[in-house]
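A short worksheet on the structure shown next.
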Amino acid sequence: TGTVVIIGAGHAGYQLAASLRQHGFAERIVLLNDEGHLPYQRPPLSKAYLKGTGGPDSLMFRPEKFYLDQKIDLISDRAVSIDRAARKVALASGASLDYGHLVLATGARNRLLDIPNANLDSVRYLRTLDESQSLRDYITEGQRVVVIGAGFIGLEFAATARAKGLEVDVVELATRVMARAVTSEISEFFQSRHTAAGIRIHLGVQVTSIESDGHKVTGVSLSDGRHMKADLIVVGVGVLPNVELAAEAGLPVASGIMVDEHLLTADPNISAIGDCALFASPRFGGSLRLESVQNATDHARCVAARLTGDAKPYDGLPWFWSDQGPDKLQIAGLTTGYDRVVVRGDQAKAAFSAFCYRGGQLVGIESVNRAGDHMFGRRLLAAHGSITPEQAADASFDLKSALT
Ligand code: FAD
């Protein structure tokens, strides 16, 4: 194989470097890191880290010694172009790297708000450790924050901010929260929990302008004509995959860097993994781009296996979690394209799951404070199993009996 160069030291890039060594890969590994920290975990940035007092070290996958011991060349630099014919990556510092195999693990970046005043200091985003740290330092009790977007990150931030005593308004264009990602059963549950905690949620409206005193945000106007005062705006309107390096190198890109079921691009010397990759999925048919830790780390393990002589098509089962206030949402499988939802458990007791079916086949389970259902779903779905909707709805049906 020769030297493996990995562009991006997020969840996917870090895991690939670690897994290559675990699989006995003996050649040079270069892990390019363009953030000013050792590789770190993102999920706590909108959860425990934002809430707590821990330092950046609490987020690191491994201490610096790990990279030295494992002979992983963790280089602080940014890739600026790829010369596929010469198998070279040019870096922002002016240096260049030769590769035998190149892996694009460039992740995604915040989608920016495109309205006047969106560049004010009190308009914030939440993707990197630096962004989370500076938000944590900035927020104080009594401030008024408008959160734009009721997706996972917007709602996780909203719950944390509310717990810290801020006045929180969430503005969402869709007619329910997390509409793109979860069933309406789950949306309604979280909407009512956040509302009960004192968060005001405004659905079916958009922020059309940001008012300022010339320096700071003072308020926002909504598409329905309302105005709201605000000291701070936090934007969570999704991400854009970092596909530009691949596109400029002439590799096919669509809503992600296109890769086959082995996570290889059109160039046999270049793979793409994690948030940036649009991968062909035999399991689901068609192509998928997912944004989750599971997807990033399982992609990494699949490519590490291939590069050490054990090539198999990628067949990871998607799973995900989101912590919002006291509640834990966990998703197993892909809960899109379902035609029937069966609820198991008790919504009123804040412990239930939505079992999603397509054509009578279980495709995914969304669980609220029901870790057992979630783990069951991961095992059953990974094995391409199913239970009937009647069994799912029957509280006396023993889920474990379906796992043989
Ligand atoms: P990233 O983690 O984005 O890493 C890509 C890295 O590549 C970045 O460091 C980037 O700066 C770098 N890079 C890009 N271009 C270059 C270049 N040209 N040269 C060098 N480096 C480059 N997922 C869950 O499953 N559960 C959760 O609860 C959850 N919570 C989240 C909370 C937050 C606040 C965020 C932001 C994400 C959360 N996610 C969660 C999603 C999860 O973190 C991502 O899916 C995961 O980080 C993807 O890993 P990745 O390595 O593909 O990309």
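Counting starts at 1 for both ligands and their atoms, following the listed order.
- Of all heavy-atom pairs spanning Lys229 and Arg144, the tightest one is O-NE, 3.3 Å.
- Heavy-atom separations between Arg109 and ligand 1 are all 4.0 Å or longer.
- Without hydrogens or angle criteria, Tyr125 side chain to Glu131 main chain gives no donor-acceptor distance under 3.5 Å.
- Residue-ligand proximity, Ile153 to ligand 1, at heavy-atom distances under 4.0 Å covers atoms 33 (C), 34 (C), 35 (C), 36 (C).
- When the options Ala12, Ser81, Ala9 are ranked by their closest heavy atom to atom 50 (P) of ligand 1, first place goes to Ala12.
- Heavy-atom contacts of Leu245 reach the following atoms of ligand 1: 18 (N) (cutoff under 4.0 Å).
- Ring centroids of Tyr314 and His299 are separated by less than 6.0 Å, placing the two rings close together.
- Residue-ligand proximity, Glu35 to ligand 1, at heavy-atom distances under 4.0 Å covers atoms 8 (C), 9 (O), 11 (O).
- Annotation for ligand 1: atoms under 4.0 Å from non-hydrogen atoms of Ala105 are 5 (C), 6 (C), 7 (O).
- Interface of Gly10 with ligand 1, defined as ligand atoms under 4.0 Å from a residue heavy atom, comprises 2 (O), 4 (O), 6 (C), 51 (O).
- Contact atoms of ligand 1 toward Ser292: 23 (N), 25 (O), 45 (O) (distance under 4.0 Å to a heavy atom of the residue).
- At the shortest separation from atom 43 (O) of ligand 1 among protein heavy atoms lies Arg42 CB, 3.3 Å.
- Per-residue contacts place Thr106 under 4.0 angstrom from the following atoms of ligand 1 (heavy atoms of the residue considered): 5 (C), 7 (O), 13 (N), 14 (C), 15 (N).
- Applying the side chain to side chain donor-acceptor pair (under 3.5 Å) test to Ser46 and every residue at least two apart in sequence or in another chain returns Glu156.
- Ring geometry for Phe61 against His11 counts as perpendicular: the plane angle is over 60°, on a 0 to 90° scale with 30° as the lower cut.
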Please report, to 0.1 Å, the donor-acceptor pairs under 3.5 Å made by any side chain of residues 345-353, with sequence neighbours excluded.
| residue | atom | partner | partner atom | Å |
| --- | --- | --- | --- | --- |
| Asp346 | OD1 | Ala348 | N | 3.0 |
| Ser353 | OG | Ser367 | OG | 2.9 |
| Ser353 | OG | Asp373 | OD2 | 2.6 |

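- For the pair Arg124 and Tyr138, the cation-pi criterion (under 6.0 Å, within 45° of the ring axis) is fulfilled.
- Proximity annotation for atom 29 (C) of ligand 1: of Gly107, Pro43, Ser46, Pro43 comes nearest, heavy atoms only.
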